[in-house]
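So the structure is just underneath, and the comments pick up after that.
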Amino acid sequence: MICEQLTKETVLITGGSGYFGYRLGCALHKKGVNVILFDVRKPAHDVPEGVKFMAGDVRCLSDIEKALNNVSCVFHSASYGMSGKEQLNRRLIEDVNVNGAENVIQACQRQGVPSLVYTSTCNVVFGGQIIKNGDESLPYLPLHLHPDHYSRTKSLAEMKVLEANGSTLEKGKGALSTCALRPAGIYGPGEQKHLPRIVNYIESGLFKFVYGDPDSLVQFVHVDNLVSAHILASEALKPDRRCIAAGQSYFISDGKPVNNFEFFRPLVESLGYRFPTIRLPISFVYFFAFLTEQIHFLVGRIYNFQPLLTRTEVYKTGVTHYFSTEKAKRELGYEAQQFNLGEVIDWFKSQGHGRKLRGNPIKYFAWDMIFVLLLVVVLLSWFPAVVTLSL
Ligand SMILES: NC(=O)c1ccc[n+]([C@@H]2O[C@H](COP(=O)([O-])OP(=O)(O)OC[C@H]3O[C@@H](n4cnc5c(N)ncnc54)[C@H](O)[C@@H]3O)[C@@H](O)[C@H]2O)c1
């Protein structure tokens, strides 16, 4: 219903082979829209007939320009550096996220594309401070306070996209309308960024502790809710909706704040594992993440290992930050559907995950020993630091 007017339009999704971009492409295609998935890599799944995949790099202006023929809306969702070891590759993060966004804007202007929807992140305002029911009036976090380069560059890109709102399109095609959606952590069946890593930690016996205040709250967004928010946002950039979304940002989530670890409890237990009972202070885990990042900085070129946790991940998972979706409801007509982790659990089980009755006790014992050793080493370095700071 929301998409009737999009029929026969052509839209382009940068990052169209990614988890979210591909789901958005399929949803738009089902609604009769011509879809181009633009990405440096092919989608992992079959591309439905009628959906076109174009190989291209947002770091290359001519790649994007070539792809924008007759396109009426660009969903700019390509990004790099969100989690894991990618987070530490600053140069590539900046190139893809900032230069990429500049290229997308310029290509839209040159090719006369009237609408641009940017997939931002709620981290543009969050840097480890407690935020309860924050809204879009919150200022951007000052750039130097971002603990990670990904969030800093997403913030810069969002600013650039919103500044470009109202700019003149070449070929006498009027003005560019832009908006930014700021999702919470995305989940859904087949998600590849966070969930497999979490399941890997669970299965290899590394998920031994939780941290932070048990009452801390964060938010998530189911991929289908985010898809619907993007479609609504693209509609709300059109003149027949008085371009109500033009120049605006919107927080998008499932709406229900939840403790990060409790959110994943059904996944842990349904896969047959025990939920950890050890709770560590967040400052301790943050310190551990800091040490891991320093070690990665020193040896990353020789051995680019996956850090167990980065400082940003500690904040994102252990410090209360959640946002109101009122503005998205009011202006876009966004209504979050209710989901749970059921289909995610089914997906992992269908991929053969779940506790095997005969695990390898030596492997678990070895991990336990390494964990205790690490705990002692970090404790010995963390404790004097805390004592010194409190003097
Ligand atoms: N996953 C989350 O929890 C989350 C939370 C908040 C915001 N976001 C944002 O949502 C968007 C989608 O996230 P996702 O989880 O689907 O990520 P994803 O990594 O699955 O998809 C990103 C896609 O961008 C593509 N890409 C990377 N560099 C590119 C380049 N130079 N040119 C063209 N394509 C390139 C990748 O190949 C990938 O397919 C991103 O912009 C991300 O920053 C994600």
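Excluded from the calculations below are hydrogen atoms, water molecules and symmetry mates; all remaining heavy atoms, backbone and side chain alike, are included. Order of appearance sets the numbers: ligands from 1, and atoms from 1 within every ligand. Numbering starts at 1 and runs along the sequence shown.
Within the 4.0 Å heavy-atom shell around ligand 1 one does not find Gly100. Residue contacts with ligand 1: Pro43 is excluded, as none of its non-hydrogen atoms falls under 4.0 Å. Residue contact annotation: Thr119 has a non-hydrogen atom under 4.0 Å from ligand 1.
Summarising the contacts of atom 27 (C) of ligand 1 with Gly21, Gly15, Ala157, Ser79, the nearest heavy atom is found in Ser79. Here the shortest heavy-atom distance to atom 9 (C) of ligand 1, taken over Ala44, Ser151, Ala55, Ser120, belongs to Ser120. Of all the listed residues (Phe20, Phe220, Tyr150), Phe20 holds the heavy atom that lies closest to atom 14 (P) of ligand 1.
Side-chain N/O atoms of His222 and Gln337 include no donor and acceptor closer than 3.5 Å. Side chains of Arg152 and His149: a donor on one and an acceptor on the other come within 3.5 Å. For the residue pair Asp39/Tyr22, the side-chain donor-acceptor check at 3.5 Å is not satisfied. Side-chain polar atoms of Thr317 and Tyr211 form a donor-acceptor pair below 3.5 angstrom.
Shown in contact with Gly56 at under 4.0 Å from a heavy atom are these atoms of ligand 1, numbered in order with element: 32 (N), 33 (C). Within ligand 1, counting atoms from 1 as listed, the ones closer than 4.0 Å to a heavy atom of Pro183 are 6 (C), 7 (C).
At a 4.0 Å heavy-atom cut-off, ligand 1 touches Val58 through backbone and side chain alike. At a heavy-atom cutoff of 4.0 Å, ligand 1 is contacted by no atom of Gln192, backbone or side chain.
For the pair Arg23 and Phe75, the NZ or CZ position fails the cation-pi test of under 6.0 Å to the six-membered ring centre and within 45 degrees of the ring normal.
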